[in-house]
Amino acid sequence: LICLSLGVITIAGLYFYFEDELPSVEVLRDVELQTPMRIYTKDGKLISQYGVKRRIPVLLEDVPETLVQAIIATEDSRFYDHYGVDPIGVGRAVVNLVLTGEKGQGASTLTMQLARGFFGLTRRKEYTRKIKEVFIALKMEQELSKDEILELYLNKVELGHRAFGVGAAAQVYYGKDLSELSLAQLATLAGIPQRPSVLNPVTNPNLSKERR
């Protein structure tokens, strides 16, 4: 009981300490995804894009189910079972930290990754960043449904070569729409989020294939 009470007090204290730095997740409902300027031929073929980020927004219902399953399996297998934070993943990360002294296990859920991407949190493994991720993720799970979170993730996730979102990645790497990709190509896209600059099929084809 003492440990439980101390835990609750600690969490509450951390929340109030970081409360002023936490953004409102209400902005996610009205988010306008940044898209590049596209240049088309007279007969409607895309020939070039100009912009810092390449993005082609897609609806969750238009994303192949195999790609959704692959991303959930590799990034957050208990996505539909937790409330933004995966206790099992956190426990595994804590055990790894105690045994090795290294912050090797990130324990980030899809919701936490989305929080980091939307609100400009860094990828560096810092305790303060992770705490902010946790609190934002919990707020997001209260405001949005699981499918809304997943759809935002699929449109926001960084996939290398200035491609953000699975729709843009399909065009950047294969010149196709998502619906036209093979199972191997979908698996390749699902393997990129872990290390976008390294695991994409252009920068490192062999490593990307192993990951696939």
Side-chain angles (χ1 to χ4, degrees), residues 33-36 48-58 63-64 66-79 86 88-90 92-93 95-97 99-130 132-134 136-137 149-178 180-212:
L33 296 170
Q34 178 186 349
T35 57
S48 187
Q49 298 186 68
Y50 294 92
V52 177
K53 296 180 179 180
R54 299 172 179 174
R55 179 179 286 117
I56 302 174
V58 294
V63 179
T66 46
L67 178 57
V68 173
Q69 292 173 348
I71 287 179
I72 290 177
T74 55
E75 295 295 318
D76 185 1
S77 61
R78 287 175 289 277
F79 174 68
D86 183 4
I88 296 176
V90 172
R92 185 173 61 244
V95 171
N96 180 76
L97 178 62
L99 294 178
T100 67
E102 299 178 356
K103 293 178 282 187
Q105 299 287 335
S108 289
T109 63
L110 287 182
T111 314
M112 291 168 66
Q113 292 180 45
L114 180 62
R116 181 174 63 225
F118 250 113
F119 299 112
L121 302 178
T122 68
R123 279 182 171 267
R124 289 178 295 183
K125 295 177 181 178
E126 299 174 344
Y127 293 114
T128 53
R129 187 267 289 171
K130 185 64 69 174
K132 290 178 183 178
E133 269 186 29
V134 167
I136 295 173
I149 291 171
L150 184 56
E151 183 175 292
L152 283 170
Y153 177 87
L154 293 171
N155 282 298
K156 281 286 292 184
V157 61
E158 182 182 353
L159 294 168
H161 287 272
R162 296 189 293 125
F164 288 79
V166 294
Q171 285 290 339
V172 166
Y173 296 122
Y174 302 112
K176 300 178 181 179
D177 292 332
L178 278 172
E180 301 173 316
L181 298 186
S182 67
L183 180 61
Q185 291 168 337
L186 292 172
T188 299
L189 295 188
I192 297 176
Q194 187 183 72
R195 297 168 66 195
S197 61
V198 176
L199 292 173
N200 69 77
V202 171
T203 301
N204 198 327
N206 291 332
L207 197 58
S208 177
K209 187 175 181 179
E210 289 179 14
R211 174 70 173 162
R212 180 194 75 189

For this session: Kindly indicate, with the supporting measurements, whether the criterion side chain to side chain contact (heavy atoms under 4.5 Å, CB included) is fulfilled by N200 and R195.
Result: CA-CA 8 Å; N200 69 77; R195 297 168 66 195; over 6 Å; no
[X] [atom1] to [Y] [atom2] distance, which is reported to the nearest 0.5 Å:
X: L110; Y: I149; atom1: CG; atom2: CD1; result: 9.0 Å
X: E75; Y: T109; atom1: CD; atom2: OG1; result: 10.5 Å
X: R55; Y: K156; atom1: CZ; atom2: NZ; result: 5.0 Å
X: N204; Y: R211; atom1: CG; atom2: CZ; result: 13.0 Å
X: D76; Y: T111; atom1: CG; atom2: OG1; result: 6.5 Å
X: L178; Y: L154; atom1: CG; atom2: CG; result: 9.0 Å

Within the distance-only criterion (no hydrogens, no angle test), does the side chain of [X] pair as donor or acceptor with the backbone N or O of [Y] below 3.5 angstrom?
X: T188; Y: A184; value: yes
X: E158; Y: F164; value: no
X: R212; Y: G191; value: no

I'd like to check [X] versus [Y] (side-chain heavy atoms, cut-off strictly below 4.5 Å). Are they in contact?
X: S208; Y: V202; value: no
X: Y174; Y: S182; value: no
X: Y173; Y: H161; value: yes
X: S197; Y: T203; value: no

Between [X] and [Y], what is the shortest heavy-atom contact and its length?
X: Q185; Y: L181; value: OE1-CA, 3.3 Å
X: A115; Y: A137; value: CB-N, 4.4 Å
X: P57; Y: N155; value: CA-OD1, 3.1 Å

Problem set entry | Pair I192-V157, side chain to side chain contact (heavy atoms under 4.5 Å, CB included): steps then yes or no | CA-CA 10 Å; I192 297 176; V157 61; over 6 Å; no
Exercise. L186 and side-chain contact (heavy atoms from CB on, under 4.5 Å): which partner among V68, L67, I71?
Worked result: L67
